[in-house]
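The first residue in the sequence is number 1, and the count goes up from there. We use all heavy atoms of the structure for the numbers below, so side chains are in, but hydrogens, waters and symmetry mates are not.
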Amino acid sequence: MPSAVRFFCFVFLLLADPAAAQIQVQMQNSGGFPAPQISPQISLPTASELHFPVYPLILPNVRFWEKIYGTYTEAQGVLHDKTDLNILYAVVNLLPKDTPGAGKINEKLAELALLHVKAILNKFAQGSLPQTAEELRIHGLFKLKSPAAFLAAAENIRMQTGLKNRFVAGVIRSGAYMPAIKRIMRMQDLPLELAYLPHVESSFNPEAHSKAGAVGLWQFTRYTGKEFMAVNELVDERYDLYAASEAAARFLKENYRQLGAWPLALTAYNHGRGGMLRAKAQWGSYPAIFANHAGSSFGFASRNFYSEFIAAMRVASRLEADPAVIKERPLINASMRLKGYAAAAALREYFGVSEEEFRRLNPALRKPVLEGKKYIPAETVIHLPATHFIRERVRSMPPSLLHANQIPDYIPPKPKRQSVAASRKAARSSPKKLMKTSKAKAAPKRKAQRRS
């Protein structure tokens, strides 16, 4: 039967009786034509995997940070190679931070462990073969066992303290903030996974400070924070959950718009947008940047930032599913934007909120405002307990609580300037001046007496 006729017969049979058509196909395939090979079902990547791919190149780094966040505690230090995080030399037991003198003792323990591993690597670099079980294990970590490789590795050792305790505490704290942050990310049409970034930045500690001057959940510096929110002597919104989260969302969104990929946009959160734009122009893609980009500014922290984010998402998701980890209840506030200047004490009294609770709900307000030396600036958003009473008071708040102007800065009065005549008169009446004048007059007499 010609193939065209056979095809139309098959289509007619398929429409009339699908089961018979299936039998017909099997019969035809049993002849000289082999049955088509059906490829196995391919699982499509999830939205999270599309936005935040885990490249094979960074998988060792992701696994390393998963161990730091989920396995090793703050009483453990992991000695590892700075570049190849597959190479873990040793785990050093440290003293708890609250132990008296722990800082100096732990520094010494870390130094001794580093010198010990360095001596082993230098021994291999000189051509010696491993003798002990520890040396055999370390020797086996290297694929390239040349003297140059061992010599370079001896100068590339780093210690990372475990963060398991702090990370678990951060997951517990995140229960208070995560719903609000995810809502802000959703409103900005951003991936909800970005809400996990504070695990890397601050462990969801709203009072976190860094050596570089970054503060709050999102660790904004003063310079960058001023681009997106109020950062001054009266109000510092880097400490405010909502303002800082909106600022972070806008910042990340602009990073993505300019860089075109979330691995690049997230790395720019740490390294800086300008630096990542230059790196992208030079290398093109994130894997190429990770593999080749170098420089003093693109150091260990910048290179590992995206891997840390992926690891934090994984470890946090596992802890969130653990029934033994009980997260804090979501923070629910009644918020209002002030249409004028207001005294903190007057607002506390009107809404019946204690000073302690008002400070806790409004961490962005600075000392001059809280102490009453200055009014809360107009357009500032304040947060209050979400009760029916508070909402009713907000609706009926009297205009007398608001002021048109800020309390002026105190300027000490300048001393009154005296006229020339008055100053001469004061000088003549001065006892010290009279004494100097009388001494001057007596001096010629003494000289005359000496001559005589």
Side-chain angles (χ1 to χ4, degrees), residues 47-55 57-59 61-62 64-65 69 82-83 85 181-182 184-204 208 210-229 231 237-238 243-314 316:
S48 180
E49 290 168 340
L50 285 172
H51 288 311
F52 309 106
V54 182
Y55 305 104
L57 192 67
I58 70 169
L59 194 55
N61 297 59
V62 172
F64 172 84
W65 289 106
Y69 291 144
K82 289 180 187 177
T83 308
L85 298 191
I181 295 174
K182 285 187 175 180
I184 289 168
M185 295 299 168
R186 192 179 293 110
M187 289 172 63
Q188 291 286 341
D189 197 25
L190 294 173
L192 299 187
E193 291 86 351
L194 293 174
Y196 286 89
L197 185 55
H199 280 302
V200 179
E201 286 292 314
S202 64
S203 294
F204 277 90
S210 77
K211 293 178 181 177
V215 303
L217 286 181
W218 295 94
Q219 288 293 281
F220 276 102
T221 61
R222 194 175 187 87
Y223 177 81
T224 305
K226 283 184 174 181
E227 296 182 35
F228 301 96
M229 51 192 155
V231 180
E237 290 183 327
R238 294 179 296 169
S245 297
E246 288 176 7
R250 289 162 53 203
F251 186 53
L252 287 164
K253 193 172 188 176
E254 184 60 22
N255 281 358
Y256 181 77
R257 188 189 71 79
Q258 294 194 33
L259 290 160
W262 282 115
L264 296 174
L266 281 163
T267 305
Y269 194 91
N270 173 270
H271 182 61
R273 189 185 300 149
M276 287 310 295
L277 284 168
R278 290 189 292 272
K280 183 185 178 184
Q282 183 178 3
W283 302 106
S285 67
Y286 176 82
I289 292 170
F290 181 87
N292 302 301
H293 196 49
S296 57
S297 61
F298 194 77
F300 183 84
S302 296
R303 191 169 182 268
N304 278 273
F305 194 76
Y306 180 63
S307 300
E308 289 184 61
F309 171 72
I310 297 295
M313 276 203 303
R314 291 181 171 186

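- Interatomic distance, NZ of Lys82 versus CG of Asn304, reported as 12.0 Å (0.5 Å rounding).
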Next on the checklist: For a side chain to side chain contact (heavy atoms under 4.5 Å, CB included) check, start with the C-alpha distance between Arg238 and Leu217, then their side-chain angles and the critical distance, and finish with the verdict.
Outcome noted: CA-CA 8 Å; Arg238 294 179 296 169; Leu217 286 181; over 6 Å; no

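- Heavy-atom minimum distance, Ser307 versus Asn61: OG-CB, 3.5 Å.
- Annotation: the span from Tyr256 atom OH to Leu190 atom CG amounts to 10.0 Å, rounded to 0.5 Å.
- Between the CG atom of Leu252 and the CG atom of Leu194 there is a distance of 5.5 Å, given to the nearest 0.5 Å.
- The distance from the OG1 atom of Thr221 to the NZ atom of Lys226 is 10.5 Å, given to the nearest 0.5 Å.
- Smallest separation of non-hydrogen atoms from Ala243 and Met229: O-SD, 4.1 Å.
- Contact of the Val200 side chain with the Tyr69 side chain is registered, since non-hydrogen atoms from C-beta on lie closer than 4.5 Å.
- Counting heavy atoms of neighbouring residues, nucleotides and ligands inside a 6.0 Å radius, atom CG of Asn292 exceeds 12 of them.
- Contacts classified as salt bridge (Lys or Arg N to Asp or Glu O under 4.0 Å) and involving residues 256-266 (residues at least two apart or in different chains) are given here: Glu254-Arg257.
- A distance of 11.5 Å separates CZ of Arg250 from CD1 of Ile184, quoted to the nearest 0.5 Å.
- Within the 4.5 Å cutoff, side-chain heavy atoms of Val62 are placed close to those of Arg314.
- The two residues Ala268 and Leu259 have their closest heavy-atom pair at CB-CD1, 3.7 Å.
- Relative ring orientation between Phe204 and His199 is described as perpendicular, the plane-to-plane angle rising above 60° on a 0-90° scale split at 30° and 60°.
- The NZ atom of Lys253 sits 14.0 Å away from atom CD of Gln258, with the distance rounded to the nearest 0.5 Å.
- When side chains are defined from C-beta on, Trp65 counts as touching Leu85, because their heavy atoms get closer than 4.5 Å.
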Next on the checklist: Please determine whether side-chain hydrogen bond (donor to acceptor under 3.5 Å, both in side chains) holds for the pair Ser245 and Trp218, giving the CA-CA distance in whole Å, both sets of side-chain angles, and the decisive distance to 0.1 Å.
Outcome noted: CA-CA 7 Å; Ser245 297; Trp218 295 94; 3.0 Å; yes

Checklist entry - Would Met187 and Glu246 satisfy side chain to side chain contact (heavy atoms under 4.5 Å, CB included), going step by step from the backbone distance to the final call? => result CA-CA 10 Å; Met187 289 172 63; Glu246 288 176 7; over 6 Å; no

Next on the checklist: If you apply the rule side chain to side chain contact (heavy atoms under 4.5 Å, CB included), what do you find for Val231 with Phe220, and how did you get there?
Outcome noted: CA-CA 10 Å; Val231 180; Phe220 276 102; over 6 Å; no

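- Scanning all heavy atoms of the two residues, the minimum distance from Ala265 to Asn255 falls at O-ND2, 3.2 Å.
- Residues Asn270 and Ser302 approach most closely at OD1-OG, 2.9 Å, considering heavy atoms.
- With sequence neighbours left out, Phe251 forms a ring-ring contact (aromatic ring centres under 6.0 Å, His included) with Phe228, Tyr269.
- In this structure a side-chain-to-backbone donor-acceptor pair under 3.5 Å is present from Arg303 to Phe290.
- In terms of heavy atoms, Ala195 sits closest to Ile181 at CB-CG2, 3.6 Å.
- Take Tyr286 and apply the ring-ring contact (aromatic ring centres under 6.0 Å, His included) test, not counting sequence neighbours, and it matches Tyr55, Tyr306.
- Looking at residues two or more places apart in sequence or on another chain, you find a ring-ring contact (aromatic ring centres under 6.0 Å, His included) between Phe298 and His271, His293.
- Taking Ala261 as the reference, Pro263, Leu264 meet the side chain to side chain contact (heavy atoms under 4.5 Å, CB included) condition, with sequence neighbours excluded.
- Applying the salt bridge (Lys or Arg N to Asp or Glu O under 4.0 Å) definition to pairs two or more places apart or across chains, none involves residues 264-282.
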Next on the checklist: Apply side chain to side chain contact (heavy atoms under 4.5 Å, CB included) to residues Leu197 and Gln219 and explain how you reach the verdict.
Outcome noted: CA-CA 10 Å; Leu197 185 55; Gln219 288 293 281; over 6 Å; no

